[in-house]
Every structure is written in structure tokens, then in C-alpha cells.
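First the proteins, then the strands, lettered A, B, ... as listed; each starts at 1.
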Number of protein chains: 2
Amino acid sequence: MSHRRETLVLEYPAHELSGRPSPEQWLETFHARLKERGLKSTAQRDEIAKAFYRMGRHVSAEELYGEVKQSNSHVGYATIYRTLKLLKECELVSERHFDEGQARYEVFGERHHDHFICERCGRIIEFESTQIERLQQAIAHEIGATLTRHKVELYGFCRDCRGTENK
Amino acid sequence: MSHRRETLVLEYPAHELSGRPSPEQWLETFHARLKERGLKSTAQRDEIAKAFYRMGRHVSAEELYGEVKQSNSHVGYATIYRTLKLLKECELVSERHFDEGQARYEVFGERHHDHFICERCGRIIEFESTQIERLQQAIAHEIGATLTRHKVELYGFCRDCRGTENK
DNA sequence: CTAGTTGCAAATGTTTTGCACAAAC
DNA sequence: GTTTGTGCAAAACATTTGCAACTAG
């Protein structure tokens, strides 16, 4: 009996993302979903979407605002938030609330994964676990509930920050 | 080989809480921890702590403020927040951030449990799973991290709200 | 007495909204 | 030409803080 891999740790730098559509495909999908909803494509929406995609994972509205400002100094915070909301509605982005004040956003529709967050350096490591997925379904079944989504977050000290806790 | 129970669903109404100290014990502990820290016990702190304890689980600052106002109309929001922060520091209360804007608080130090949150009616069901606990440790080990805390949240439709999704 | 606590109002940080002007379809 | 989108400033929230008056130890 083969030993199937149940847990997979994924830690990619922003420039090395797997399982993603190309930026062009992604933007096209955005345009299509906007059209479906009778909404318009605009230069700002494209800029924001592209900047977001380029930045990789776990981006805050503030960070995105900063990035977009670099190329186009004339976007307002409001448009950032409005576009992020749109991208959520178009199911291209998902919103996460880690234990900070602000929300973070990531490209949606990749394989489901969960997060480890280092409490010292803020590093976020992603992982997938089919066992955890299965267990969650089992628990939902026991409760008598239907699951729409779920969230597993581990907090602690990462490899590099272990042993520096008391510094 | 016996079939050990791995998952336990806990759903208590506020008036039927298990594994808790008595309100008096709890308040005494609060007093003791304040003293340790060179801080004072006051009428307000007691009132807030008692109201909190009485209200049961998953209380927001707003709800607690409302409750305290009933008996003593002269507490400010600031004192609610300051006392909640104190209770956290005294490890008598823990703070949770579900996917709402506001934080929710619960009595700390009971057995670790996780939450299912119904997206229709807001009901929160707690459960414990030793398997999930073990898996999380295994994942932390694989990442090379030390875990300080973790969080599992399931979202969906509860028993009573299933089938009413499209109403 | 004196350090710690309170209530208020004002400040904060994040996100949302109203509105007049501008741009897409 | 409508309808939708934008930028700005103001509003809306949840939470925190400064400060003068107050109170527990």
C-alpha cells in the first residue's frame, strides 16, 4: 500500500506562483464577469487588478494602494476598496481576516489552502492538507450542517524565529 | 480495538455551560490576577466581569456595553474595552475575530474548541476534535514552526437553515 | 496621599458613502 | 445620452487615547 502524501507545504515567493492563470487570462475573466453584470471595464479597474495580481498573495488594501500610486498617482482609496469588492463579487479575489485590524486579499480559485502566520516576523506560509479537509467535512456532517467555506489558521513562530521568542 | 471518540460536538445554550468555574471563583481569580499586577479592583471592573460571565459565549463589546448599561447607566465604552483588554491579559477571556467587523470575546481556559458559524442565522456551534489538533501539530512540525495557537472556523448553513438558502 | 481608574470627548485606523464631475457603452 | 465609475472629502464603524476629576489601597 503506497504512502500517499496527505500534507503539502507550500511556500512560494511572489514571483513563483503555481496553478495560476496568466495575468492576461485573469484580466479577461474580470472583463467578462463585469460584462455579465452590466458593469464597465475601466482603466483604473485594470490597473488595480494588474497591480494586485503582480503583488502576489496576502495583500492589504493599503499595500495595493501604495503599489498603484507608483504608476498612477491619481487613484483614490475609495476606488481600491470598490475594486477589491468587485473582484470579490466576481470570485477572482478572496478576503481574509487574520488577527490584524485590516483585511488581506488573495487570488481566488486556486486550490484550497490554509495558513500559518508567524507572530514574530509576520511571514505567512501556506499549506494544504487533504486530511484536514476530510475531517472538516466529517465534523460538518456530525453537526448536520452544510459547509460553504472554512478557515484554518495556525499561529506561532516560524523556523527562523524559533528560539528568538524572548529577545 | 475500541473505537475512541475523536470528535465531540458541543452546543450549549448560555445557561448550560460545562467545565466552567463558578462566577465567584472566576471573579476571585480576576481580583487575584489584578493584585499580582499591582492593579486595583473596582466596582466597574466587577460589574463588567460579572455581566460578561453571565452573558455566556461569543459576546461583542457592544453587547456587553448594552448589558452593563441596564444595571449601571454610568459606564463608558472605554471602560468596557479597557476591562476586556485587562481580562485578556489576565487570561480570563480570549478574543476572537470571526468574519465580522467586530471582535467577540469568550471565557478562556476551558478546553480548546473550534467553531462552526451559520451564515444565515449566526448560530455558533462549538466542537472539539483531537484529530484536528494532532494534524495541526504534524503540519507545524513539517513547516519547522512552533505553534502558539490556532483557529479552525467552519462556515455554512446549520441544521435548521439548510434548504432555506435561496429563500 | 498617591498611583491607578474613570468618563467623556476627541483621535485613530480601516472601510464606506454622498456627490459633482468624468468616462464607458 | 444614459448609466456607471471616479476622486475627493466626509461619514461610519470599532477601538484607543488624552485628560481632568475621582477612588482604592
Check your understanding: Taking atom P of C:dT12 as reference, at what distance in whole Å does atom CD of A:E62 sit?
Key -> 15 Å

Study note, to complete from the structure: Winner on side-chain proximity to A:L39, out of D:dG5, D:dT15, D:dG7, is D:dG5

Exercise for review: Check the distance between D:dA24's C1' and B:L34's CG and give it to me in whole angstrom.
Suggested key: 12 Å

Point to revise | Candidate pair A:E95 and A:K85, rule salt bridge (charged side-chain N to carboxylate O under 4.0 Å, His left out), full reasoning | key: CA-CA 9 Å; A:E95 188 177 332; A:K85 186 186 260 182; over 6 Å; no

Check your understanding: In terms of the angle between their ring planes, are A:Y77 and A:Y65 parallel, tilted or perpendicular, with boundaries placed at 30° and 60°?
Key -> parallel

Review point. Can you check the A:K85 NZ to C:dT15 C1' distance for me, whole Å?
Key: 9 Å

Practice item. For side chain to side chain donor-acceptor pair (under 3.5 Å), just list the numbers for A:E126 and A:H58, CA-CA rounded to whole Å, side-chain angles, deciding distance to a tenth of an Å, and then say yes or no. Key: CA-CA 11 Å; A:E126 300 179 349; A:H58 316 123; 3.0 Å; yes

Review point. Has the side chain of A:R45 got a donor or acceptor atom that lies under 3.5 Å from a matching backbone atom of A:K40?
Key: yes

Practice item. Give the rounded distance in Å between these two atoms: CD of B:Q44 and P of C:dG4. Key: 17 Å

Point to revise | Donor-acceptor pair present, A:K40 side chain and C:dA23 base, under 3.5 Å | key: no

Check your understanding: Could you state the OH-P distance from B:Y77 to C:dT12, rounded to the nearest angstrom?
Key -> 21 Å

Review point. For A:G76 and B:G101, take the nucleotide of DNA chain D holding the closest heavy atom to each; which residue's nucleotide lies nearer the 5' end?
Key: A:G76

Check your understanding: Could you give the CD-to-C1' distance, from B:E47 to C:dG7, as a whole number of Å?
Key -> 14 Å

Check your understanding: Quick one: A:Y65 OH to C:dT15 C1', roughly how many Å, whole number?
Key -> 14 Å

Practice item. Describe the nucleic acid contact of B:A43 in one word from base, sugar-phosphate, nothing, applying a heavy-atom distance below 4.0 Å. Key: nothing

Check your understanding: Is the phosphate of D:dG7, meaning OP1 or OP2, less than 4.0 Å from a side-chain N or O of A:T79?
Key -> yes

Exercise for review: Assess whether salt bridge (charged side-chain N to carboxylate O under 4.0 Å, His left out) is satisfied between B:R54 and B:E67, documenting all intermediate values.
Suggested key: CA-CA 10 Å; B:R54 185 181 339 123; B:E67 175 77 10; 2.6 Å; yes

Review point. Can a donor-acceptor pair under 3.5 Å be found between the side-chain atoms of B:R82 and the base atoms of C:dG4?
Key: no

Check your understanding: Can you check the B:Y81 OH to D:dT17 P distance for me, whole Å?
Key -> 13 Å

Point to revise | Presence of B:T42 side-chain N/O under 4.0 Å of C:dT6 phosphate oxygens OP1/OP2 | key: yes

Exercise for review: By nearest nucleotide on DNA chain D, pick out whichever of A:V75 and B:R104 is the more 5' one.
Suggested key: A:V75

Revision key, fill the gap. Heavy-atom nearest nucleotide on DNA chain C taken for B:R45 and for A:A78; more 5' hit belongs to B:R45

Exercise for review: Let me know, please, whether B:K69 or B:G38 comes out on the 5' side of the other along DNA chain C by nearest nucleotide.
Suggested key: B:G38

